[in-house]
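Please read the structure below before turning to the comments.
All values below come from the heavy atoms of this structure, side chains included, with hydrogens, waters and symmetry mates left out. A note on names: the letters A, B, ... follow the listed sequences, proteins ahead of strands, and every chain is numbered from 1.
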Amino acid sequence: MMNQRKGLGKKKLLIEGVAIVAIALILAFVIPAVLPAFRLKLLGRFLGLAIVSLGIDLIWGYTGLLSLGHGIFFALGGYGLAMHLKLQLPSGELPEFFTLYGVDKLPWFWQPFSSFPFTIMAIILIPSLVAALLGYLVFRNRIKGVYFSILTQAALLVFFNFFNGQQKLINGTNGLKTSTEHIFGVMAGSDSAQWAFYEITIVCLILAYILCRWLTSGRFGRLLVAIRDDEMRLRFSGYNPTGYKVLVFAVSGAIAGVAGALYTVQTGIITPKFMEVAFSIEMVIWVAVGGRGTLVGAIVGTLLVRYARTILSEEFPEVWLFFQGGLFLLVVTVLPDGIVGWIRDKRWGKKRVITYPGLEEMVEPQMNADEYG
Amino acid sequence: MDKILITDNLTVSFDGFRALNQLNFTMNTGELRVVIGPNGAGKTTFLDVITGKVQPTTGKVLFQGRNLRGIPEQEIARLGIGRKFQTPRVYLGLTVRENLDLVCNRFKNVFSTLFRTPSFTDRRMVMGLLETVGLGGKRDLKAALLSHGEKQRLEIGMLVAQSPDLLLVDEPVAGLTDEETENVGALLLALAESHSILVIEHDMEFVRQIARQVTVLHQGTVLCEGTMDEIQGDRRVIEVYLGESEATLATGNNQS
């Protein structure tokens, strides 16, 4: 019985692996041949955003911590790569905007970004370190639930205002334009560079998916679910949840950083707008629409919402926000498990477990568990 | 005999209200002890302070001779104290087997959990526990789908999976049917063979089923201690705790 199940699990994993490879090959080779360059660029951006959704799903869908501040990590990754592009200049020259503000010496923190390996490391490490630090302070003090969400949003506002106000350091509100800069001697806005970014995005998306898949399976993944379900119980079982939460938040931040970098070069600019409150909330909506706690859901949700936005904005530019709000309401009230969760329930509907008394009644004792929690 | 748990003049006050008041309590290794007391006697606070959820205002708790003051909950749990809550607290999103496996894990730091696969002994222990708590047939069912009584048994199983020396069990049969109460009672008696167990309970019928030594708490202190029969004969106990149910108690006496 055990072996049979194990065999079944292996087979499932194989099917999943084949599906991923197939989808990746289609995305990487078929789609670019079919879609016009403009549409391809859009898809590349959306796939970049799907990476950050995976990070949000990890921290929210699995671990139950609703972060409204992922814009911080997303933008930090984006700024990292943009700074590297800005520094592709003959030696001695400064990025153009510095001269506008009378800065004649490169700020110290810009200097290491002229190195490409450092930049790649920074895109991953800086967001994850910021997340780890923020997470450690919050989780060590056992701040949970809505207070965590509020704190992440407050942190987001702090970063937003800081980046907005620092013209002399990072060009403030105007942000950093990357489309006319060069990377490895190629202009970042050119078709060939954009195609390369698109392919790299696909690779990164798959790597992020595999990472999340690994983290959410096995004991570690079950532990994340346990944190979501009843953190106090976990403590009384001898686990300290703080370390787990810090690690997951840091990984989630790193994934967001990579996503931000890829999105930036495909959009052509990074500005503090990436750290607007609405954008971080939108990330959460993508995951909610696709289905919390399912990695495929996070990706699907992002692509669907973003495409809906593109189509609607082309036709009726002013209704998008209403539509997005309505979509969120609809998902929360009608499809609490998102689209993927709904499909899954449908498919397994036949095998639905019937219990007496009904499940809805039995949920109650557990809800009361927090009277002492 | 060896003392597994000693509290020494233990006082816990919340804004001046003394939930526990100069409580002196000792329990021997291997003992099954039942603590009873009216609502507000400080029973749950007593468990909170042993498990590190609440710190003593004055006095101390000694577990196997070690002062527990200032030790965080998870460390106390690792020292060998397992706690079952009043309402069952299991991980609803995980299957029965996964619930048990998570607690079985001997290496509870982040990286061991991430990189180690469950050992053979762990898997065997989970299988054994599924038998013990009688949930073998439901091992791959999500805990959310279990009945109240099954959740109670699962949580007791999770407690045992921790391999604690001392089990603290808070009202294990609240809200259970008679049959389930029997099951839980038998389970606790079986576990008492190899563990020290402290049970908090209201249900007198159940206390009669399992109790050997009973402690009565009242207003945060020990009112009296003794066997069930001694307790039921004690005037003070009848006054403070059993007053209203004296009649039931009398009938219970006649039966025994």
Near-ring test Phe249(A)/Tyr136(A), centroid separation under 6.0 angstrom: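 Ring centres of Phe249(A) and Tyr136(A) not closer than 6.0 Å.
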By side chain to side chain donor-acceptor pair (under 3.5 Å) - contacts of Asp170(B) (at least two apart):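 Checked Asp170(B) against side chain to side chain donor-acceptor pair (under 3.5 Å); matches are Thr44(B).
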Carboxylate-amine/guanidinium contact Glu155(B) Arg233(A), below 4.0 Å: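 Salt bridge present between Glu155(B) and Arg233(A).
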Salt bridge flag under 4.0 Å for residues Glu16(A) and Arg213(A):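 Yes, charged N to carboxylate O under 4.0 Å.
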Salt bridge (charged side-chain N to carboxylate O under 4.0 Å, His left out) assessment of Glu73(B) paired with Arg142(A): CA-CA 13 Å; Glu73(B) 294 99 320; Arg142(A) 304 197 183 184; 2.7 Å; yes
Interface residues of residues 103-121 of chain B facing chain A - heavy atom cut-off under 4.5 Å: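 Contacts with chain A: Val103(B), Asn105(B), Lys108(B), Asn109(B), Val110(B), Thr113(B), Leu114(B), Phe115(B), Pro118(B).
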CZ/Arg69(B): more than 12 non-hydrogen atoms of other groups inside 6.0 Å: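 Yes - once you tally the heavy atoms of other residues, nucleotides and ligands closer than 6.0 Å, there are more than 12.
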Side-chain donor-acceptor contact under 3.5 Å, Thr215(B) with Arg33(B):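 Side-chain D/A pair, Thr215(B) to Arg33(B): present.
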Top contributor to chain B contacts, counting heavy-atom pairs under 4.5 Å, from Leu223(A), Leu215(A), Val225(A), Asn240(A):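 Of the options given, most contacts go to Asn240(A).
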Which atoms of Gln162(B) approach chain A - backbone, side chain, both or neither, heavy atom under 4.5 Å: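 Side chain only.
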Interchain contact, Leu247(A) with chain B, by part (heavy-atom threshold 4.5 Å):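 Side chain only.
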